[in-house]
Amino acid sequence: FSDILGALLGLTVVNDLGLASARRDKGLMKVAVANAGLRVARYARLTAGNGKDVAQAVEELELDYPVVVKTPRGMSTMDVFICDNEE
């Protein structure tokens, strides 16, 4: 909202409105960062609300435990889980 308001007010220093969603969604942010030519950690967008797709993602990405699981729109350390194993 503040990005749009700043643009409407004609402020000269505003964030790119095209990337507003990426600043609020970790998966979109990683795509934007990779598109800018920077390296990003391997990741997967998980969709099972019960976490049943974590083990499959760990296997497909060839990760070792522990892994970090975050909600796409969480802030700071809210809704961040460090998983030492499949359980």
Check your understanding: So, for P66 and I82, which heavy atoms are closest and what is the spacing to 0.1 Å?
Key -> CB-CG2, 4.0 Å
Exercise for review: Just jot down the side chain to side chain donor-acceptor pair (under 3.5 Å) partners of E86, sequence neighbours excluded, or say none.
Suggested key: none
Point to revise | Residues that R45 engages under side chain to side chain donor-acceptor pair (under 3.5 Å), provided they are two or more places apart | key: D25
Check your understanding: Do side-chain atoms of N85 reach the backbone of Y65 as a donor and acceptor pair under 3.5 angstrom?
Key -> no
Review point. Given side chains that start at C-beta, do those of V67 and Y43 come closer than 4.5 Å, heavy atoms only?
Key: no
Point to revise | Least distance between heavy atoms, V69 atom then C83 atom | key: CG2-SG, 3.8 Å
**Study point:** Identified side-chain contact (heavy atoms from CB on, under 4.5 Å) partner of T71 from the options V80, L46, D79
**Key:** D79
Review point. Above 12 or not: heavy atoms from other molecules or residues under 6.0 Å from NZ of K30?
Key: yes
Review point. Considering all heavy atoms of both residues, which atom of E62 and which atom of R42 are nearest to each other, and what is their separation?
Key: O-NH1, 3.5 Å
Review point. Are L28 and V40 linked, directly or through other ILVMFWY residues, by side chains that come within less than 4.5 angstrom of each other?
Key: no
